[in-house]
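Reviewing the structure listed below.
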Amino acid sequence: MKKVFALLFTVMVLTVGLVLFAKAPSVSAKAAPDAALVGMNTEDATIHGLAGEKPLFINFWATWCPPCVGEMPAIEAMYQKYGDQLNFAAITIDEDTAAAAAFLESRGLTLPVYTGDLNKLGNDYQLDFIPRSVLIGTDGSILAEYTGGMNEAALEAFLSKAF
Amino acid sequence: MAKRLFVQAISAALSNGNLPGWLTGRLYQGSTKSVCVPGLNCYSCPGALGACPVGSWQSAMSGAVPRFPLYVLGLLLLFALAFGRTVCGWLCPFGLVQDVLHRVPVPKLERKPWMRSLARLRWAMLALTAVGAYLMYLATGTGKPLFCAWICPAGTLEGALPLLALRPEIFASAGWLTVWKGALLAIFLLAMTAIYRPFCRFLCPLGLWYGFWNRLALFGVAVDEAKCVHCGRCAAVCPMDADIAGDAHCISCGRCLPACPTSAISFRHADRKKVQNEHGGASQ
């Protein structure tokens with residue numbers, strides 16, 4: 001009985017430990033996959049095209065995803081602050097693009113929002129979980145990636161990797 | 001028992017048969033993922049080939065544009081009318097986890113009065129699941145799957161833990177909520193060794209739902225009223241604390257079949273409408 005309790009206690013300690021001693025995500029040096037983007041409140045574009053102009057911040061999101069919706073005001077604030085130095089692309093993976101459009105309008109968001117080939121984007125950018133943020137340099141390499149919602153301070157630190 | 005264990009194992013394997021996912025931590029996103037499995041099985045489990053009905057219900061009403069999940073409701077009704085809580089006893093992967101852990105040889109806690117009191121928590125969980133996301137939407141503008149996010153230990157075991165192990169980049173987004181859920185899971189894992197199916201009996205909203213339909217379901221344990229002498233032997237051996245075989249607590253495990261002195265209990269569908277509970281009716 002003691003062994004069982006010890007084993008289960010270990011599982012609990014490991015779970016807590018994994019979280020408390022979690023390290024920052026490692027920076028990936030891989031090239032960002034290209035994809036065509038369909039603008040919902042802006043012109044159509046491609047990921048490589050946008051990244052070629054200025055470092056590109058991509059946020060994959062959906063209207064049905066609470067953390068995505070939660071961090072959108074912070075991303076909008078970053079767009080207002082750094083929009084002249086970085087390109088922004090909030091790519092919705094909503095299949096119901098009308099829902100995404102209604103959301104944009106209701107929240108008064110001005111940052112560029114796109115949709116596209118969701119299967120290709122999902123595979124290329126490993127969109128098992130959203131929100132997922134990716135920062136792409138002008139050379140087309142991925143500078144930073146993050147899965148999960150961020151507040152303004154965390155977003156600012158994330159975007160600083162482009163400068 | 002061996003037959004049931006075999007069916008449970010097959011069901012768990014079918015529900016979580018995405019083998020590449022178990023190696024890479026990538027979630028399966030094929031067409032079967034849009035179909036709900038009958039039992040509680042986390043969508044975010046790397047092996048999951050289907051969706052969890054509890055998660056799907058809440059997910060539809062989450063986010064900025066809630067939708068009423070008619071499709072999920074239809075499937076839940078279909079499963080309920082076909083199987084009732086036989087789903088819990090024979091098909092649910094998390095039920096299998098609990099059955100296996102209860103075989104650990106530690107002193108068992110059975111038929112305590114507080115267990116029936118704790119079972120009322122399932123009503124709160126059902127309310128949280130059914131309307132929690134939509135109430136959050138009304139209150140904050142963003143619906144949230146509260147049961148999945150704050151409570152479900154199946155999600156922690158089948159989703160969070162394997163993903164934390166296989167996808168290190170997810171560590172960074174884990175926080176105190178993950179710690180809370182890990183601790184809750186540990187408590188339940190411990191409880192499962194001493195108490196038979198504590199999650200099913202005290203928290204599971206899906207089991208409560210299926211229990212509503214137990215007496216109408218096509219399959220499941222039934223009592224032949226003509227033979228039943230209301231001796232209470234089935235209740236005495238029931239690990240789920242049922243009042244009589246086939247009531248809302250019954251998961252059709254079949255343990256009561258050999259205990260019945262008049263062979264009134266069977267797996268066949270019988271006229272269960274006339275069965276009266278000598279303790280005052282089948283309670284939730």
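All values below were derived from every heavy atom in this structure, side-chain atoms included, with hydrogens, water molecules and symmetry-related copies excluded. Quick note on labels: first sequence line is chain A, next is B, and so on, each numbered from 1.
The nearest pair of heavy atoms linking A:Ala62 to A:Thr92 is CA-OG1, 4.2 Å.
Counting heavy-atom pairs under 4.5 Å between each of B:Lys144, B:Met136, B:Arg26 and chain A puts B:Arg26 at the top. Of the listed residues (A:Asn119, A:Thr147, A:Asp128), the greatest number of heavy-atom pairs within a distance under 4.5 Å of chain B belongs to A:Asp128.
None of B:Lys112, B:Arg197, B:Arg201 except one satisfies the salt bridge (Lys or Arg N to Asp or Glu O under 4.0 Å) rule with B:Asp241; the exception is B:Arg201.
The contact list for residues 45-59 of chain B toward chain A, using heavy atoms and a distance under 4.5 Å, reads B:Ser59 by residue number.
No donor-acceptor distance shorter than 3.5 angstrom exists from the side chain of A:Asn59 to the backbone of A:Ser133, with no hydrogens or angles considered. Proximity of a side-chain donor or acceptor of B:Lys108 to a complementary backbone N or O of B:His102 within less than 3.5 Å is detected.
The aromatic rings of B:Phe199 and B:Phe188 lie perpendicular to each other, with more than 60° between the two planes, well past the 30° mark.
Annotation: B:Trp22 is not in aromatic contact with B:Tyr28 [ring centroid separation under 6.0 Å not met].
Salt bridge status for A:Glu76 with A:Arg107: absent, with no side-chain N to carboxylate O gap under 4.0 Å.
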